[in-house]
There are 2 protein chains.
Amino acid sequence: MTNAPASQGGLREVTRRAVQAEIAGRAMELFLEQGFDETTVDQVAAAVGMSGRSVFRYFATKEDMVLGDMLQIGHALAAALQARPAEESPWEALRRALDEPLAALKSDGGKALARATMLATTPALRAAAQQKHTQWEELLLPYVVQRMTGPAATRELRAHAIVSAALSCLDVAVEIWTKSGGTKALDTLLDTAIQAVRS
Amino acid sequence: MTNAPASQGGLREVTRRAVQAEIAGRAMELFLEQGFDETTVDQVAAAVGMSGRSVFRYFATKEDMVLGDMLQIGHALAAALQARPAEESPWEALRRALDEPLAALKSDGGKALARATMLATTPALRAAAQQKHTQWEELLLPYVVQRMTGPAATRELRAHAIVSAALSCLDVAVEIWTKSGGTKALDTLLDTAIQAVRS
DNA sequence: GACAAACATGTCAGCGAATGACAAACACAG
DNA sequence: CTGTGTTTGTCATTCGCTGACATGTTTGTC
């Protein structure tokens, strides 16, 4: 009546996001405190005052409490890639598209670093992150294919190889970055990695 | 004790390997028949006539029944890389070191293809395979670092990037290979992928 | 304001992977 | 045969995760 349903159940979606963020935040605290594997889902649930079952209605897996936003970032990355000028080569466009997420990591200060460190030292999280990484590849692939020249028959293969290699460079750069305690410049590391690969 | 004093005390180790192979074989049959996720460890155990608990004394995880030999291959790969002439560039040496495992895949006929297909379509296996892939990186890294020229400060970073990119190329090539049903030449796919990345 | 549909939550029950503890069966040295 | 060490089975338990059911709580409609 008086209120337009904004965006059809918009309120529900807002509260849902809020609860999700609350869970992720508390979970992150506990994980950093006592480790990811050493923290049970029920502990997280208790910390936010709900049942363990309900937590799984907000996150499909325990890992998603840490990596839940990576899919969003992937979409943002794809959008940024699509927005790059068509003249840029695949490598160039990919590198530029990574600028924004890279800056986000830097501005986030120690929080992103702590997260990256935990991610690097927890096998279960590493595995989950690599899965997201694969999703990114699928999101980015079409926009790289568009930029490919040369024989059409191998276009998909070559585009896929470039995307995968670029993300590998990102991973390596982030790894060295975390090992350095965040002192080294992440964008320089990435540039060096990419240049080395393209030697 | 998942690890072994290996070469010493041969008989025990031999029987152990034999049982391991037996389990892996039966497991593979069941997995291909009814799917990896749809097969319980107890089913595999029953098929080889032992308790579920004992199966876990031969394989640390269910995934290892499929991927158990990947670590060995990694060591073989590292040895092959080390054996390449010192004049070869990192990329060249890595490519040549991959020749043998590639040939093994080809000669194995449909078996390797079926395995690769299941691996590609089962998230849990993909994740585990990527973990082994990371182990490979660590095994190969030192021998690539040896081959690096240029500023020493970034040598590790650049070497790591190249190794990671090379294995990414391998993954992409294998993926297209499985999608093609094994018709396309795997080594050509890999060459094309590497060339594209180094553009 | 009443009512029905949609949604969120708690509770209970269960599956399957993985681990620890203990006892029995076995091989093998002396 | 006896003692030692390894392998295996059995039992119990933890933990991630899912399904089913019941109970409220919103939300939108008449």
Side-chain angles (χ1 to χ4, degrees), chain A residues 1-24 26-27 30-31 34-68 122-128 131, chain B residues 1-6 8-24 26-27 30-31 34-68 122-125 127-128 131:
Chain A
M1 306 215 270
T2 58
N3 86 6
S7 52
Q8 178 153 357
L11 195 110
R12 276 224 171 93
E13 196 59 21
V14 166
T15 59
R16 179 176 176 80
R17 297 279 175 196
V19 175
Q20 235 172 12
E22 171 72 11
I23 298 174
R26 294 274 184 182
L30 291 175
F31 293 160
Q34 37 175 302
F36 181 80
D37 291 324
E38 290 71 28
T39 306
T40 70
V41 174
D42 281 334
Q43 282 178 339
V44 176
V48 290
M50 48 193 326
S51 77
R53 185 67 181 86
S54 285
V55 168
F56 279 110
R57 292 185 173 112
Y58 287 90
F59 293 96
T61 68
K62 186 183 176 187
E63 287 79 22
D64 273 0
M65 297 176 205
V66 179
L67 305 171
T122 310
L125 280 177
R126 269 187 88 101
Q131 232 169 319
Chain B
M1 298 199 300
T2 331
N3 205 340
Q8 191 75 355
L11 194 112
R12 280 244 166 73
E13 197 58 22
V14 164
T15 59
R16 180 176 176 80
R17 298 279 177 198
V19 175
Q20 240 174 7
E22 170 71 12
I23 297 174
R26 293 275 183 182
L30 290 175
F31 293 161
Q34 35 176 314
F36 182 80
D37 292 323
E38 290 71 27
T39 306
T40 70
V41 174
D42 282 334
Q43 282 177 341
V44 175
V48 289
M50 46 193 326
S51 78
R53 185 66 183 87
S54 286
V55 169
F56 279 110
R57 293 189 172 109
Y58 287 91
F59 293 96
T61 68
K62 186 183 174 187
E63 287 78 24
D64 273 0
M65 297 176 204
V66 178
L67 305 172
T122 308
L125 281 178
Q131 233 169 317

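Proteins get letters first, then strands, A, B, ... in listed order; numbering begins at 1 in each.
- Rounded to whole Å, atom P of D:dT10 lies 11 Å from atom CG of B:D42.
- The distance from atom CZ of A:F56 to atom P of C:dC12 is 18 Å, rounded to the nearest whole Å.
- Residue A:Q43 contributes atom CD, which lies 17 Å from atom C1' of D:dC17 at whole-angstrom precision.
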Distances for protein N or O near nucleotides 9-11 of chain C N or O, under 3.5 Å:
from: C:dT9; atom 1: OP1; to: A:Y58; atom 2: OH; distance (Å): 3.0
from: C:dT9; atom 1: OP2; to: A:Y58; atom 2: OH; distance (Å): 2.6
from: C:dG10; atom 1: OP2; to: A:S51; atom 2: N; distance (Å): 3.0
from: C:dG10; atom 1: OP2; to: A:S51; atom 2: OG; distance (Å): 3.1
from: C:dG10; atom 1: OP2; to: A:S54; atom 2: OG; distance (Å): 2.6
from: C:dG10; atom 1: N7; to: A:R57; atom 2: NH1; distance (Å): 3.2
from: C:dG10; atom 1: O6; to: A:R57; atom 2: NH2; distance (Å): 2.8

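- A straight line from CD of A:E63 to P of D:dG16 spans 9 Å, rounded to a whole angstrom.
- Within the 4.5 Å cutoff, no side-chain heavy atoms of A:F31 are placed close to those of A:R26.
- The shortest distance between side-chain heavy atoms of B:Q34 and B:L30 falls below 4.5 Å.
- No engagement by A:T15 is indicated, since no non-hydrogen atom pair under 4.0 Å with the nucleic acid exists.
- Qualifying side chain to side chain contact (heavy atoms under 4.5 Å, CB included) partners for A:F59, counting only residues two or more places apart in sequence or in other chains: A:Q20, A:I23, A:A24, A:D64, A:M65.
- In terms of modelled atom types and a separation under 3.5 Å, the side chain of B:K62 and the main chain of B:T39 share a donor-acceptor contact.
- Remark: P of C:dG16 and NZ of B:K62 are 9 Å apart, rounded to the nearest angstrom.
- Counting heavy atoms of neighbouring residues, nucleotides and ligands inside a 6.0 Å radius, atom CZ of A:R16 exceeds 12 of them.
- The distance from atom CG of A:D64 to atom C1' of D:dG16 is 13 Å, rounded to the nearest whole Å.
- We find that CG of B:D37 is positioned 13 Å from P of D:dC17, with the value rounded to whole Å.
- For D:dC30, the paired base is C:dG1 (Watson-Crick or G-U wobble, both distances below 3.5 Å).
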